[in-house]
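Data first, discussion second: the structure below is written as structure tokens.
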2 protein chains.
Amino acid sequence: MVTIADVARHAGVSISTVSYVLSGKRSISAETEGRVRAAIRDLGYLPNAGARALASSRSNVLALVVPLRSDMYLPVLMQFVTGVVTAARAHEHDVLLLTQEEGADGLRRVAGTALTDAVIVMDVQQHDPRLEVLRGLPQPSALIGVPADPRGLACVDLDFAASAASCVAHLADLGHRDLGFVGPPEPVYQRGTSFARRALAGFTSALRSRALAGAGVPCTPDYRGVRRALAELRARVPGLTGLVVHNEEALPVLLDVLHSDGLRVPDDLSVAAICPDQQAQSLAVPVTAVAIPAEELAADAVRAVMRELEGVRDRTVRLRAPELRVRASTGPVR
Amino acid sequence: MVTIADVARHAGVSISTVSYVLSGKRSISAETEGRVRAAIRDLGYLPNAGARALASSRSNVLALVVPLRSDMYLPVLMQFVTGVVTAARAHEHDVLLLTQEEGADGLRRVAGTALTDAVIVMDVQQHDPRLEVLRGLPQPSALIGVPADPRGLACVDLDFAASAASCVAHLADLGHRDLGFVGPPEPVYQRGTSFARRALAGFTSALRSRALAGAGVPCTPDYRGVRRALAELRARVPGLTGLVVHNEEALPVLLDVLHSDGLRVPDDLSVAAICPDQQAQSLAVPVTAVAIPAEELAADAVRAVMRELEGVRDRTVRLRAPELRVRASTGPVR
DNA sequence: CACATCGATCGAAGCGCTTCGACACCGACC
DNA sequence: GGTCGGTGTCGAAGCGCTTCGATCGATGTG
């Protein structure tokens, strides 16, 4: 194993000089730096992570808590994960994977052993037992999602209320006056998943402020569930002409059901969604949608903890404004 | 921060005694051990990971390389990941997440910095540039999947050849003589993904050894792809009565297509699959299937590297025997 | 009863790095 | 010409842990 001492010897300088070349924390003459870098290259030197962590109290690792067994939509989850890994690497950090099951104890463990410099938690619930742990940690943390009480916690998320409202506004501008909202399955609301509630609330208040009629229903992502949801919406919203769908898995099923029921999209029914851009584009009918900017949110979360590691404390909620992409699934009301 | 020195002082023993209590590497009297454990509990001591890694040359972290952007079927991928994390935790290890993009350099980096004790790689290709890196690493590694030349590498996988053969045998026992094989999309074969080829090879050689007729086709997991695959099979295998499906995503679509074509499963066509157990159970018709034992394979991979860390060198290919679960989708030929 | 044996404990030497203070050298300044 | 302030470099003191002798009673053995 090549150590910093080998590099120093090879370059004819002291150990600390090598260290300062690597960290840039003190100025080094161009000539010396050149020799050191050459030595590093020649010897294939890689600094020992443990020694570095011990001496600097920085592990250059961040923990990511992933809801591996949840009913989250996997493709989006994956985008978050890749986003976090990519952003972390851009900040010289690696990502330690924790599962939901590890829970609060897992957080305490990785933080207490100083294995990680920071923690990012996905899919937080409204009243999550991990929140208190996070608040008490010496390490910074960031949530993807917003709990009931986000005080003292850095949170990033899509502005789901504004997203739903943006769908409503788009449909209203096309002349639609009677709208339905298809949400995630009931259990997601029960668990107090905040994005679900915020989207529905955004839908409802947008209806109110524009004096439109409408209702929202939960929906399981199978044919029966979709049929039931549509039936309920039709019953509660006579003359339904527009739909806002916030349920990635149900969306393709819903389009399929409408198709086999002989309903044309958007001629008979306009459909706007909150879903990954890629999905919206690749469906049978390209769907007008507010994209879920998973990679961007992941980068936001990483940025939040990195800034805190640099000493800038700013534990606030950061919501990304929705961007609606109009596609073929919405049109003027007939 | 509580250090081992604090614990030692609190328990009235030396630092090394605390260390030996923790590691169990030397015998400690029950009474002393009690005092030390009490001190650990009272102070909430957690050993510093960096210091430990530096002193012991063990990080207690293993790297998992995940094909986050591949066309792998996500639910199965997730099962592998949770399986690895769970098994690693059972061996006192945490899991560092590397993406495919990091490639060979990523492996060199985490190994070279001694960030990880071992590496587990998923979704290896037949001729994977990372294989040479793995062979040269001082750390042990294990592959989930089998490359063209597995020499010097620990590999674990399902015996896909035997799995396909087991499906053929089951169908043959039910009297079927004309079989089709529905595989993954063409690109998966192109990339040299070994499990795809091994399954098809197993199917073909099982046909031969039982003197049955049949053919295999690749298949994209959409309605058009499935229809095309079925048409080609019917053309190449007149009197087709049984299907072996090795394509998780196409399987539900296929059942749907058969249904809407008015074909009864298993009365008109028997269907056996290689797919996750959970999926096989939850389809419209419960499907006779060889399960993909993702969690078990993950545990096998972790076990392989752990044993190597304990000094037992055994870099061989370990294939799990298939377990066929007979369900409603297969029946006697009419 | 002397001696080897063993169990329980301690002290100290690292592990490879970061970082602080010190120092030597140089040019600028009055 | 002495002083001051930079700049570039070095030495050494840790960071918190593991682990290798060494020590010291107690126990067993011939």
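Every chain is numbered from 1, with letters handed out A, B, ... down the list of sequences.
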Worksheet entry | A/L309 and A/H93, any side-chain heavy atoms less than 4.5 Å apart | yes

Practice prompt. Please report, rounded to the nearest Å, how far the C1' atom of C/dT19 is from the CG atom of A/L22.
Written response: 14 Å

Fill in: Whole angstrom value for the distance that separates P of C/dT19 from CZ of A/R58
9 Å

Worksheet item: Between A/I4 (CD1) and C/dT19 (P), how many Å, whole number?
Response: 11 Å

Discussion item. Looking at A/R109 and A/E102, is there a salt bridge between them, counting it only when a charged N and a carboxylate O are closer than 4.0 Å?
Written reply: yes

Practice prompt. Sugar-phosphate means primed atoms, P, OP1 and OP2; the rest is base. With that split, encode nucleotides 8-15 of chain C 5' to 3' as B, S or - using protein heavy atoms under 4.0 Å.
Written response: SBBB--BB

Worksheet, complete the sentence: Taking every heavy atom of B/A87 against every heavy atom of B/A299, the minimum-distance pair comes out as CB-CA, 3.9 Å

Worksheet item: C/dT19 phosphate, OP1 or OP2: any side-chain N/O from A/K25 under 4.0 angstrom?
Response: yes

Response to the item:
A/N60 atom CG is separated from C/dC17 atom C1', nearest whole Å, by 13 Å

Discussion item. Testing the 3.5 Å rule here: is there a donor-acceptor pair between the side chains of B/T193 and B/R191?
Written reply: yes

Item to complete: Run the salt-bridge test on B/R320 and B/D300 with the 4.0 Å N-O cut-off and return the result as yes or no.
Response: yes

Discussion item. Going by salt bridge (charged side-chain N to carboxylate O under 4.0 Å, His left out), name the residues that satisfy it together with A/E31, two or more places apart in sequence or in a different chain.
Written reply: A/R35

